[in-house]
Amino acid sequence: MSEKEVKNLEEIFEARIARDEKIEPKDWMPEKYRQTHIRQMSQHAHSEIIGMLPEGNWITRAPSLRRKAALLAKVQDEAGHGLYLYSACETLGISRDELYEQLHSGKAKYSSIFNYPTVTWADMGAIGWLVDGAAIINQVPLCNTSFGPYARAMVRVCKEESFHQRQGYEIMLTLCRGSEEQKAMAQDALNRWWWPSLMMLGPTDAESIHTEQSMKWKLKRKSNDELRQQFIDQTVPQADLLGITVPDLDLKFNEETGSYDFGEINWDEFWQVVKGHGPCNKERMSARVNAWNNGEWIRDAAMEHAEKNEKRKVAKAS
Amino acid sequence: MSEKEVKNLEEIFEARIARDEKIEPKDWMPEKYRQTHIRQMSQHAHSEIIGMLPEGNWITRAPSLRRKAALLAKVQDEAGHGLYLYSACETLGISRDELYEQLHSGKAKYSSIFNYPTVTWADMGAIGWLVDGAAIINQVPLCNTSFGPYARAMVRVCKEESFHQRQGYEIMLTLCRGSEEQKAMAQDALNRWWWPSLMMLGPTDAESIHTEQSMKWKLKRKSNDELRQQFIDQTVPQADLLGITVPDLDLKFNEETGSYDFGEINWDEFWQVVKGHGPCNKERMSARVNAWNNGEWIRDAAMEHAEKNEKRKVAKAS
Amino acid sequence: MPNPLIQMKNQNLYNYILTIADNSLILAQRLGELCGHGPSLETDIALTNISLDLLGQTRSYYQYAAKISEENKSEDDIALLRIEREYRNCLLVEQPNTHFGYVIGRQFLFDFYHFMLMEKLQNSPDEILSAIAKKGIKEVSYHKRFSSDWVKRLGDGTEESNKKMQEAINDLWRFTDELFYMTDAEKEMSKEGIGIEVSSFKEKYYKEVSEVLKESALTVPENKYFTKGGKEGVHSEHMGYILAELQYMQRTYPNMEW
Amino acid sequence: MPNPLIQMKNQNLYNYILTIADNSLILAQRLGELCGHGPSLETDIALTNISLDLLGQTRSYYQYAAKISEENKSEDDIALLRIEREYRNCLLVEQPNTHFGYVIGRQFLFDFYHFMLMEKLQNSPDEILSAIAKKGIKEVSYHKRFSSDWVKRLGDGTEESNKKMQEAINDLWRFTDELFYMTDAEKEMSKEGIGIEVSSFKEKYYKEVSEVLKESALTVPENKYFTKGGKEGVHSEHMGYILAELQYMQRTYPNMEW
C-alpha cells in the first residue's frame, strides 16, 4: 500500500471514530491502534486475573457461609471478566498464550492495587467499595470506546463491577454497625486502601503519557486527575455515612469548587509498586506462574485427548 | 571355616550370652544374630522417626507455649532416639541410607500405632501415657539385652521415654481436671488409643514368631501376652485415677489372678494396619519419602561442599 | 415437657442432615482453596461453580437443621462452630488438592455417590429434603459430567496425565467404601422412610464409576482394605487444618454479625 | 489513681517487649512446622533446637510483658490471643518454608540481626531484658553459626544448591531493611536508654552478612526497594494462616488450663 493510501485509510478510520462508529476486528485499523488496544485490554484482563488473588485469600476464612458464597461468586466474576477481555484481545490477532507469556515475563502490567496484601476480612469490604469503585470510574467511559469488542465487554464488566461495589460497601456497613472491633477493622481497612485506591486512577496528568491519542480513540474521556477528583467526591460522603474517617488530614470540602481538596499522594510508593517492588508483587506473579506451570501437563492432556478423539472420529467415519 | 569351627564359635557365643556378657560389634557373631538385630533395631529406629509425625502434627497448634515447647522437645527426643538406634545398627555393617531404603520401599516395618491419626490435643496426652507406656514395657527388658550397643541405647531411650510417659499422663490429668469439654476430649482419646496400644505389644503368643530364639538372645524376656497383661494391670488403675473409663466392657479385676481380665482384641484391624492399610500408613510413608526426596539436593550439596573443603585443605598443604 | 420420642426423632433428623451437609461444606471449602490457582481460567470458573453449588446446597441443609434445632442456632453456628469430632463428613471430601488429578478424582468419586443420593432423596417424604435434592440434582448432574469428562481427558490424555490420574484414583479409592457406611442417624432415618439406605446403590456406584475409569484407559483399583472414620467424627489429620481456616473468623470474633 | 506517665512508660515497654518477642514466636512456629520433615535427622534436630531456644526466650519476654501488663494477662493470653494487626514481628520471620534454602536464608538473615540485638540488649539497664539477652546470646550465637555454615554449604555446594540458596537470599533480602525500622515504642525505649537503637548496627549487619555470602560463592543482592509492615502490624498474607494454627486451641476452647 502506498503511503498515500494508508493516509487515506487512516483518515476514513479516524472519521468513523469521530462519528462514534464502532471499529470491529475485521475492519482496517492503524497498527498503533491495534497495539494500543492489545496493551490496554490485556492489561485490563491481567488485572482481573491477578485481582482474584487478594480476594481469593479470604475465601477459606470468610466469616459466614453467605459471605463465603458471595466472595466466591465475586472472584468467579473476575475470572469471567478476564475470560472475555482475553477473548476481545484475541480478536486483534494475539493468542491467549502469548498474552500470558507477556504477563509472566513481566512485560505486561496489571493494576498495581493488587500488590497490596489483604490483611483482614474488612479488606473484602474495602476492595469492593474503593477498588471496584475506582475501577468503575475508570471503566464506565469505556462502554462507549471505539473498539467494538472492548466496548461490549465493558458493558458487562461495569454492570457486574457495580454490583460488587455495592456488595463491598454493604460489608463495610455491616462492620461499621457491628462491634467496636468490627468498626476498628473497617477503619483500618479504609486507612490502608484509601491512598492506593487514589493511585489506581493513574499518575497525575503532568506525568501521564498516551493521553491525547487515547482521548481521540475514546480509550479515555477524562484525565486521570479529573477521574480521581470524581472518585474522591463520590467516596468521601460514603465514608461519612459509614462513620469512618478518610486518612487524609488535608481533606476538606471546597465550597467554591464544590469538590474535596485533598493531600499529597505518595508517588514514590506508586512508582515502587508499579516497578514491581510492592508488598506482594513477587507473591502475585509467582502464584500465577506456578498455576501456569503446574497446569502444563493438564493442558497437554486435554489437547492430546482432543486429538485422539478426533482421530477416532475420522477412523470411524472412513 | 569348617562347619565344626563355626559350631564351636557358636557354642562359645551362646555361652557368653548365657553368662550375661555383652556382645560387641567387633566380636564374632552368627549371621542370624546379626540379621535379627539389624531387623529389630532398625524397626525400632524407624518407629521413632515415623513416631515423630503424629505428634509433630500438633506442634503448630499446641494450646500453650509451655506445652508447645514440651511437645517440640519430645519429638526432638524421638529424633535423637532414632539417631542413636540407627548408629547402633550401623555398627553391624549396614549404612543409614540402606536402612532408609528399606523403610521407604516398605521392606522394613515400624510400629503400627503410628498409623493412627492424632485427632485432638488429648491425643498428645494419650500417646505419652499409653503408647510410650506400652513402649516402655516392651523396651525395659532390652536394657539388659545381649548386644552391647543396643542395650546401652535402650538405657538412654527408656529413661527419656519414662519422662515422656509421665508428661503424657500429666496432660491427661490436666484435661480430666479441666472443663467438661476437656474431660470429654480425654475420654475420647482413651477410647481411640486403648485398643491400638494393646496391639502394640504384638500378636498373641500363639501367632508370634521368633520368640524362642529372641528369648535366648535376651531380645525378649517375656511373651507378648505377658507384657500385655502387665500393661493392662499397670494402666487401668491410672485411668481410674483420671476418672475416665477404659473402653472395654469385659474388663474386670480378677481376684484370683490379681490381674485384669479383658475383652477380645480386634486382630483383623491389627493385621490390616500391619499390612499397610491403616488410616495413615500412606500419609506416614509419603511424609518420610518426601522428606528424603526433597532432601537430596541438600545432602548432595553438603557432600560436595565437604569435598571442596578437603581439596582446598590439601591444595593449601602442598 | 417435650416429648422425648419427638426429640429423638429430631435429633436423628438433625444428625442425618449434617451427614449430608458436612460433605458439601468441606468439599466446597477444598475447592475454594483453589480459586485463582487453577490450571486454566475455564477450569477455575467451573470448579468455583461447583464450590458455589455445594455451598448453596449446604446452606439449605444447615438452615433446615437450624430450624429443627432446639437451641436457637443459626446456619453459621452449625456450619462453623462445631468441634472437629462433631463434623460428619466422609474422609474422601477432606483429602487435599495434592494435584489436579486428585481434585478431579475426589470430585468424580464423590459426584457419582452424590448424584445417586440426590436421586433417592428427591423422593423423600420429608418435603424440605426432597426440595433441596430436586434443586441439587440438576447441579450435581453437571458436576458429574464435568468430573467424568476430566477423568477421561486425563486418563486418556498423555502418558503423564494417565499416570497422575491413576495415582489419584488409587490413593482415593480406599475412601469410597465409607460413602456407603451407615451411621446410626442414617439407619434410623432410613428405617423411618425419610433417609436413604445408601448401601442400596453401592453396587450401582462401583459399576458406573468403574465403567468411566475403563473408558478412560484407567485401571479399576482392587483394594481389599478401606478406611473410614469421618462419618463418625474421626477425621484425617487434614481436617484440623481445614477447620482452623474455616472457623478462624467465627472463633476469633464470636457472636457478631457479618 | 495511676500515674499516666508511668502508665505510658509501661505501655512503651510492653510494646517494646512484644516487638522482640513476636519475632521469636513466629520464627519458632515456622520452624515447628518442619519438625519431622527435615532433610536429615541431624538438621531436624538442630532446627528443632533453634525453635526450642526461640520459644524459651519468647516465653521469658511474654512473662515479663504479662507482669507489667495492667490487665492481669498470662503469657499465653499475650502470645496466643491477639488479633493479627497487634502482632509486631517483622515480615522476614513469617516467610514460608518454601524450601530448605529459604529456611536457612530466613534463619541466617535473622540470626545476625538477632545476635547484634542481644549483644546490645545484655547491657540494658532493664535487668530482666538484660538477663534474657545474656542467656539468649549464647543460644543465638549457636543459631548464627548453624545458619552460616549451611549458607556456606549450600552456596558453595553444587550448582543446584548454589542456585537455590541464591534464589532464597534474593527473595528474602527485601525484608532485611525492616529489621532496622524503628517503631514508636522502640524509639521511646531507646530514648530512655532501655531499648536498643537498632539502626546503630545496620551497617555492621550488612557488612557481616555480605561477607558470609561472598565466602559462600553467593552474590549480595543490590535491592533499591525494600518491604516493611510487620512491625506496624501490617503483615503478609501468610500471617493469617500462621495465626489460624497458632491460636486454634485457645480460640476454640477459651479460658481453660492446659
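Lettering follows sequence order; numbering is per chain, from 1. These numbers were taken from a predicted model, which means no experiment stands behind them.
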With a strict 4.5 Å heavy-atom criterion, list every residue of residues 93-126 of chain B that contacts chain D, or say none. Arg96(B), Tyr100(B), Trp121(B)
Going by distance alone, is a donor N or O of one side chain under 3.5 Å from an acceptor N or O of the other, for Thr48(D) and Gln76(B)? no
Please report the interatomic distance OH(Tyr248(D)) to OG1(Thr60(B)), rounded to the nearest 0.5 Å. 11.0 Å
Would you compute the distance between atom CE of Met249(D) and atom OG of Ser64(B) and round it to the nearest 0.5 angstrom? 9.5 Å
Donor-acceptor pair, Arg67(B) side chain versus Trp258(D) backbone, under 3.5 Å? yes
Heavy-atom donor-acceptor pair, His37(D) side chain to Ala291(B) backbone, under 3.5 Å: no
Separation between CG (Leu53(B)) and SG (Cys35(D)), nearest 0.5 Å, reads 9.0 Å
Heavy atoms only, distances under 4.5 angstrom: which of Lys164(D), His99(D), Glu33(D), Glu159(D) has the most pairs with chain B? Name it, please. Lys164(D)
Hey, are the side chains of Thr158(D) and Met303(B) touching, using non-hydrogen atoms and a 4.5 Å cut-off? no
Which pairs pass side-chain hydrogen bond (donor to acceptor under 3.5 Å, both in side chains) with one or both residues in residues 286-302 of chain B, sequence neighbours excluded? none
Segment of Leu71(B) engaging chain D (4.5 angstrom heavy-atom cut-off): neither
Please walk me through it: do Asp156(D) and Arg312(B) pass salt bridge (charged side-chain N to carboxylate O under 4.0 Å, His left out)? CA-CA 12 Å; Asp156(D) 184 34; Arg312(B) 280 188 283 247; 2.6 Å; yes
Between Asp44(D), Asn49(D), Asn162(D), which shows the greatest number of heavy-atom pairs under 4.5 Å with chain B? Asn49(D)
Nearest 0.5 Å, please: how far is CD in Gln63(D) from CG in Leu65(B)? 8.5 Å
With a 3.5 Å distance limit and no angle check, can you tell me whether Gln182(B) reaches the backbone of Glu257(D) through a side-chain donor-acceptor pair? yes
Nearest-0.5 Å distance, CG of residue Leu72(B) to CG of residue Leu55(D): 6.0 Å
Are Lys68(B) and Gln29(D) side-chain neighbours, meaning at least one heavy-atom pair lies under 4.5 Å? yes
So, do Met256(D) and Glu181(B) sit near enough that their side-chain heavy atoms are less than 4.5 Å apart? yes
